Trainee: 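This is the structure I have questions about; it appears just below.
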Protein chains: 2
Amino acid sequence: MTTTDIVNRLRIWAADGSKAERRLAEIILSDIEYASRAPIADLALRAGVSEPTVTRFCRSLGCEGVRDFKFKLAQVLAIGGLYLFPEPLVRDERDARVVDAVAEGAASAIQRVRDITDMDTVNAVAEMAVEAGQICVFGSGGVSSLGAVEMQNRLFRLGLSVVAQTDGQMQRMQAAVCDKKSLVFAISASGQATSIIESVRVARQYGARTVAITNPDSDLAKEAEVCLPFIIAPDTQLYKPTAGRYSLLFIIDLIAMTTAELIGPSVLEGLRRIRISLSGLNMSDPGRPVGD
Amino acid sequence: MTTTDIVNRLRIWAADGSKAERRLAEIILSDIEYASRAPIADLALRAGVSEPTVTRFCRSLGCEGVRDFKFKLAQVLAIGGLYLFPEPLVRDERDARVVDAVAEGAASAIQRVRDITDMDTVNAVAEMAVEAGQICVFGSGGVSSLGAVEMQNRLFRLGLSVVAQTDGQMQRMQAAVCDKKSLVFAISASGQATSIIESVRVARQYGARTVAITNPDSDLAKEAEVCLPFIIAPDTQLYKPTAGRYSLLFIIDLIAMTTAELIGPSVLEGLRRIRISLSGLNMSDPGRPVGD
DNA sequence: GATTTAATGTTGCTTTTTTACATTTTGCCT
DNA sequence: AGGCAAAATGTAAAAAAGCAACATTAAATC
């Protein structure tokens, strides 16, 4: 049961439950903060029911007891978001909420990955990238495939030979042609994407070095030589795109920057050439980052 | 006090507190899930202290009592579980410089776009998206094409008909088949990308509505009906990938979230289906964001 | 080493939750 | 409608959890 399911169930009970259940559900939904802290005696009084009814109600909602129920309500409050705003908000309030939700999600996603990323690992990965003859980046799913493409985008500028594969079949095929000079980046938020796990295994058999950017407890992490932790926090807002994308972008930036510094000034020559190559497209503003 | 402060305080007590406090803090930190549900008698036993010590400890942590303490722990767990609040790693100077450069770049990029983005415009854009029969997203170049793909990725989940084109030729072709029911998103950091400007002009000729996500002083901004400012600040760090990508992601998130809320609950059904469709791929963890 | 202060433990009391059982209500059948 | 079973709800007492007051021990200070 996901945390927010408890609110859904409350909604259902508020509509379909028996008399006492309806009243209770309404009271609770009308003030979750209160309900999560008040003793059941208070709650029972407010709803005009007896105390055991509250206990039973919690059980029928799928909780172990009142304590467990309150525990879940506390989590709902922490997660907040959509469920706590049953009525449409006035425009300004809503706007502020949207902006805040996105900004805070992004900021905390970055903060977290910043705290847990071990630069020794990143440095090691950068060295692997510099030494590799061919770099493959595998990623599937919305977030991870975006990351794979972005990784390719960042690394090719450094003069590295890199190819991103977001298709499962292509990943396996690419893995099959890996050798000792290959480096594989495997990106997956879950760490359970089958095609990626298998591709890593295959590539490794052929002597490739492998770096997973994934949940460190996952199968993928176990399969790869090195793991950079990439954890997507459960989302606080149903309608909001996951902030985990910012984390992934951050990790990619770390790798790209470290690798660039490792390669040194010759990188700059490559970047300069890219800029020149774009100048024919009316995009030659020299202050602009390379490649729009 | 933010929710996660409780973890920080526990850390401090684990290091600086008295003997009993240290033991208690360690026990709690070692298993927050357990600590948030166990009665204090259990906790006291494990830590080898007396029950009132636990109560006192909770108070000294700034909680009203044990219940309040457990309440806060539950919220910590909801937000991300222990592993999301690791102690920040200590890094040597060189490593810290890289991490800080990337983090500060990202944070300030988000901050800047947050400040300048007008939610009235975003709301208007969301309405256009909801009303549109077909949405086209055009973007060229590293950052903008990534943004285009990401925009497609975010919007198709909402049940919208959306197609991203990152190839100049394809953009023009797509623009040529636009009509009054079309909505075009044109993404370009420079606002000078010829194929995009022309595509917008063509699409508009055929009656499409057009939204530019670009530099507001650019030709592209002038060409489009609506402009969401997207400005890439010149980078101070040559080796660092531009932080402007975070800005773009932010704008996309704002649009996606606003549109989702505008569409309303029927969106959730779509997200649910996407999740179900992934469950065959061993990725059915319900707590995970939709689509890896 | 005595004395004060802070920290921790012991005991028993209060609050909160739960169990077991009694009562009421509801739905259904004749 | 009236009666009966089943479900829902209430009552009261027991169990569990948390807490306060005081006792004791450890530590710091002189």
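Side chains included, hydrogens not; waters and symmetry mates left out as well; all remaining heavy atoms used. Because the structure is predicted, anything quoted here is derived from the model rather than measured. The chains referred to below are lettered A, B, ... by the order of the sequence lines, with proteins before strands, and numbering in each begins at 1.
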Trainee: Specify the separation, in whole Å, of atom CG of A:L45 and atom P of C:dT17.
Mentor: 14 Å
Trainee: Please give, in whole Å, the distance from D:dG18 P to B:F71 CZ?
Mentor: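 Between P of D:dG18 and CZ of B:F71: 16 Å.
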Trainee: To the nearest angstrom, how far is B:E21 atom CD from D:dA27 atom C1'?
Mentor: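 In whole Å, D:dA27 C1' and B:E21 CD are 14 Å from each other.
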Trainee: What pair of heavy atoms forms the shortest contact from A:A221 to A:A212, and how long is it?
Mentor: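 Shortest heavy-atom separation between A:A221 and A:A212 comes out as CA-CB, 4.5 Å.
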Trainee: Between B:P39 and B:K19, just flag the one whose closest nucleotide in DNA chain D comes earlier from the 5' side.
Mentor: B:P39
Trainee: Starting from C1' on C:dG9, measure out to CG on B:L24 and report it in whole angstrom.
Mentor: 14 Å
Trainee: Where is the tightest heavy-atom contact between B:L155 and B:A256, given as atom of each residue plus distance?
Mentor: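 Closest heavy-atom pair between B:L155 and B:A256: CD2-CA, 4.3 Å.
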Trainee: Whole-Å distance between C:dT19 C1' and A:I40 CD1?
Mentor: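 Taking CD1 of A:I40 and C1' of C:dT19, I get 12 Å after rounding.
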Trainee: Between A:T55 and C:dT18, is there a contact of a side-chain N or O with OP1 or OP2 at under 4.0 Å?
Mentor: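 So the side-chain polar atoms of A:T55 do come within 4.0 Å of the phosphate oxygens OP1 or OP2 of C:dT18, strictly under.
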Trainee: Whole angstroms only, please: what is the CZ-C1' distance between A:R22 and D:dA8?
Mentor: 12 Å
Trainee: Grab the two heavy atoms, one from B:T53 and one from B:L24, that are nearest each other, plus how far apart they are.
Mentor: O-CD2, 4.2 Å
Trainee: Can you establish whether the number of heavy atoms outside A:E33 located under 6.0 Å from its atom CD is more than 12?
Mentor: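 Yes - once you tally the heavy atoms of other residues, nucleotides and ligands closer than 6.0 Å, there are more than 12.
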Trainee: When you measure from the side chain of A:S50, which nucleotide among D:dG10, D:dC19, C:dT8 comes out closest?
Mentor: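 My answer, after comparing the listed nucleotides, is D:dG10.
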Trainee: Just call it for B:V54: base, sugar-phosphate, or nothing, with non-hydrogen atoms closer than 4.0 Å on any strand.
Mentor: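 Nothing, no heavy atom under 4.0 Å.
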Trainee: Assign A:R56 to base, sugar-phosphate, or nothing according to its heavy-atom contacts below 4.0 angstrom with the strands shown.
Mentor: base
Trainee: Quiz question: by atom type and distance under 3.5 Å, do the side chains of A:T121 and A:D118 form a donor-acceptor pair?
Mentor: yes
Trainee: Could you tell me how far apart B:R67 (CZ) and D:dC19 (P) are, to the nearest whole angstrom?
Mentor: 6 Å
Trainee: Can you tell which of D:dT9, C:dT18, C:dG9 lies closest to the side chain of A:E51?
Mentor: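 Within the option list, the nearest is C:dT18.
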Trainee: Using only side-chain N and O atoms of A:K70, determine if any of them is under 4.0 Å from OP1 or OP2 of C:dT16.
Mentor: no
Trainee: To the nearest angstrom, how far is B:D42 atom CG from D:dG18 atom P?
Mentor: 9 Å
Trainee: What is the nucleic acid contact for A:R23, judged by heavy atoms within less than 4.0 Å: base, sugar-phosphate only, or nothing?
Mentor: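 Since no nucleic acid heavy atom lies under 4.0 Å of A:R23, the category is nothing.
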